[in-house]
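One structure is given below, encoded as structure tokens.
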Amino acid sequence: MFSISLTLVTYSSLSNGNSQTKLELGMEVKEPNEDALIESIRLITEERMRRSYGKGEVVQRDAHAKTHGLVRAKLKVVDDLPKELRQGIFSETKVYDALIRFSASSQIAQADTVAQPQGMAIKVLGVEGEKLIRPTTTQDFVMINFPTFFVKDLASYIDFTRFGSALTVKDDDGVDKEKEAAAFAKKQPEILAILEKMIAMPFWNPLEVQYWSQTPYMLGSQAIKFSARPLTSSENKKPEGELGDRFLRNALVNTIKDEPFRFEFVVQVQNDAKKQPIEDPTVEWKESEAPPKRVAIIEIPVQDLSSNKDVDYAEKLTFAAWNSLPAHRPLGSMNRARKSVYEGGAKVRHARNGNTRFEPDTL
């Protein structure tokens with residue numbers, strides 16, 4: 001297994017006046033009691049997953065439970081990249097096969113008419129080289145249809161995780177959900193304000209909106225955020241007529257059966273440690289200050305998803321930020337939490353569902 005030594009400074013060392021701990025580009029800052037906080041988030045998440053599903057029920061992902069569709073795609077690295085961007089899978093002009101999962105973010109699958117953030121997760125195939133967690137030949141990139149995350153630190157993330165756990169218990173478990181919601185709103189109004197902005201983003205077709213990494217990553221020795229922007233169409237119009245529980249799935253199926261779609265994959269390079277912070281993912285990296293640079297084109301060919309086999313296949317897969325080459329290492333406390341929480345949740349899900357975890361070699 002690949003091992004990597006991370007140098008993380010602490011908040012206390014940043015406040016002691018030592019010039020050597022001045023924030024620098026790409027610098028990560030470890031939160032007080034970070035390991036314990038992350039462990040608490042993992043344990044709460046796994047307990048919620050076990051408690052929320054009865055015997056024989058299919059255990060869904062701890063987040064992004066609902067799959068709108070899984071499509072086959074090509075990721076084509078552009079051929080005019082500057083040297084500093086030729087890192088990781090972008091180190092040479094190459095065409096990769098890829099699988100892309102479009103999903104809804106809630107912990108429990110709901111009707112598409114329920115407003116919620118939406119996701120796009122890319123699994124690039126045929127990626128050789130040692131990975132950060134376990135040996136694979138894949139590289140994952142996970143994104144949401146909003147430029148920032150909704151939680152700024154791990155203590156706040158614990159509050160959100162506990163709140164989410166309370167809301168997803170069975171109705172007969174004796175939890176006063178209205179009381180829990182009121183208490184959370186009083187304690188964490190900033191989280192709710194961001195979530196309200198996220199769910200207000202228009203979303204009528206998974207192929208016609210932009211997605212962002214929200215959290216930062218490495219690109220070689222640089223810190224970046226990445227994004228997928230639609231090139232074919234960004235109309236994202238509300239469908240006519242009454243909306244069904246799976247209208248987003250239907251939009252995806254009906255659109256991709258007739259025409260191919262393209263996204264551009266872009267990166268924003270951090271150039272100011274304060275304006276583009278690593279440890280506060282609620283701060284947007286403004287495009288005027290960190291201009292997006294195209295590194296690849298994503299091509300989704302015409303394909304027939306009408307059988308729903310793609311959804312069944314997606315449930316056997318795991319998309320994780322840390323399924324990654326070192327050149328694309330996740331940065332920041334939210335990503336450090338993901339390493340443990342995603343792994344723990346995936347183990348619970350696959351074990352309860354009787355699936356053997358695997359990474360695909362081919363489309």
Side-chain angles (χ1 to χ4, degrees), residues 6-15 21-34 37-38 41 63 105 116-120 141-161 163 184-185 187-201 209-229 265-293 295 321-322 324 328-339 341:
L6 304 182
T7 301
L8 302 178
V9 299
T10 63
Y11 281 126
S12 60
S13 68
L14 280 174
S15 61
T21 58
K22 181 181 179 181
L23 277 180
E24 298 176 359
L25 295 179
M27 179 182 287
E28 296 181 276
V29 180
K30 191 170 184 177
E31 294 189 26
N33 303 314
E34 179 170 301
L37 291 170
I38 291 175
I41 295 169
S105 68
Q116 57 191 296
Q118 306 288 335
M120 177 184 187
F141 296 103
V142 295
M143 294 170 283
I144 305 292
N145 69 317
F146 195 77
T148 70
F149 201 55
F150 57 94
V151 176
K152 70 183 301 181
D153 55 43
L154 292 171
S156 299
Y157 204 4
I158 282 188
D159 289 340
F160 176 77
T161 305
F163 173 54
F184 180 75
K187 187 175 184 181
Q188 295 288 356
E190 296 86 358
I191 294 178
L192 286 183
I194 297 174
L195 285 173
E196 287 176 356
K197 292 179 181 178
M198 293 176 74
I199 65 176
M201 292 288 282
V209 299
Q210 182 172 357
Y211 300 86
W212 292 264
S213 67
Q214 298 188 320
T215 54
Y217 294 76
M218 295 299 293
L219 182 61
S221 60
Q222 306 167 102
I224 65 158
K225 287 187 177 181
F226 54 82
S227 179
R229 306 194 298 196
F265 194 82
V266 300
V267 300
Q268 291 177 277
V269 179
Q270 184 196 40
N271 55 61
D272 187 308
K274 291 185 177 180
K275 291 182 178 180
Q276 298 113 30
I278 297 296
E279 297 296 349
D280 186 354
T282 65
V283 175
E284 182 177 359
W285 290 17
K286 296 186 181 300
E287 293 188 358
S288 60
E289 298 169 342
K293 301 176 181 179
V295 294
W322 285 83
S324 172
H328 304 299
R329 178 172 65 83
L331 296 173
S333 64
M334 292 302 110
N335 274 330
R336 294 193 292 276
R338 277 174 165 173
K339 185 176 184 179
V341 176

- [ ] Would you sort out whether F141 and F265 count as a ring-ring contact (aromatic ring centres under 6.0 Å, His included), showing the intermediate values?
- [x] CA-CA 10 Å; F141 296 103; F265 194 82; 5.1 Å; yes

Does [X] reach the side chain of [Y], with side-chain heavy atoms less than 4.5 Å apart?
X    : Y    : result
E279 : R336 : yes
V266 : Q268 : no
N335 : Y217 : yes
Q276 : E289 : yes
I278 : V29  : no
T282 : E190 : no
M218 : L331 : yes
K339 : P330 : no

So which atom in [X] and which in [Y] form the shortest heavy-atom distance, rounded to 0.1 Å?
X    : Y    : answer
G119 : I144 : CA-CD1, 4.3 Å
G332 : E28  : N-OE2, 2.9 Å
D280 : K152 : OD1-CB, 3.3 Å
Q116 : Q118 : O-NE2, 3.2 Å
L37  : L154 : CD1-CB, 3.8 Å
S156 : Q188 : OG-NE2, 3.5 Å

Open item on the list: As an exercise, state the distance from OH of Y211 to CE of M120, rounded to the nearest 0.5 Å.
Closed with: 6.5 Å

Task: CD-CD distance between E284 and Q214, expressed to the nearest 0.5 angstrom - done: 11.0 Å

- [ ] List for me each residue that meets salt bridge (Lys or Arg N to Asp or Glu O under 4.0 Å) alongside E287, sequence neighbours excluded, and say none if there are none.
- [x]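 Testing E287 for salt bridge (Lys or Arg N to Asp or Glu O under 4.0 Å), a comparison that skips the adjacent residues, returns R229.
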
TODO: Please identify each residue that fulfils salt bridge (Lys or Arg N to Asp or Glu O under 4.0 Å) with D272, with sequence neighbours left out.
DONE: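 With neighbours one apart ignored, the set is empty.
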
Task: Polar contact flag, side-chain donor to acceptor under 3.5 angstrom, Q210-S227 - done: yes

Open item on the list: Please verify the inter-ring angle class for F150 with Y157; under 30° counts as parallel, over 60° as perpendicular, anything in between as tilted.
Closed with: perpendicular

- [ ] Start with the C-alpha distance between Q270 and I224, add both sets of side-chain angles, then the distance that settles side chain to side chain contact (heavy atoms under 4.5 Å, CB included), and finish with yes or no.
- [x] CA-CA 6 Å; Q270 184 196 40; I224 65 158; over 6 Å; no

- [ ] Applying side chain to side chain contact (heavy atoms under 4.5 Å, CB included), run through F226 and L219 and close with a yes or a no.
- [x] CA-CA 10 Å; F226 54 82; L219 182 61; over 6 Å; no

Task: Summary of salt bridge (Lys or Arg N to Asp or Glu O under 4.0 Å) pairs that have at least one residue in residues 213-222, sequence neighbours excluded - done: none

TODO: Evaluate the criterion side chain to side chain contact (heavy atoms under 4.5 Å, CB included) for residue pair V142 and R338; output intermediate values, then yes/no.
DONE: CA-CA 11 Å; V142 295; R338 277 174 165 173; 4.0 Å; yes

TODO: Apply side chain to side chain contact (heavy atoms under 4.5 Å, CB included) to I194 and K197, showing your working.
DONE: CA-CA 5 Å; I194 297 174; K197 292 179 181 178; 5.5 Å; no

Task: For W285, the option from S213, P292, P216, P147 that meets side-chain contact (heavy atoms from CB on, under 4.5 Å) - done: P216

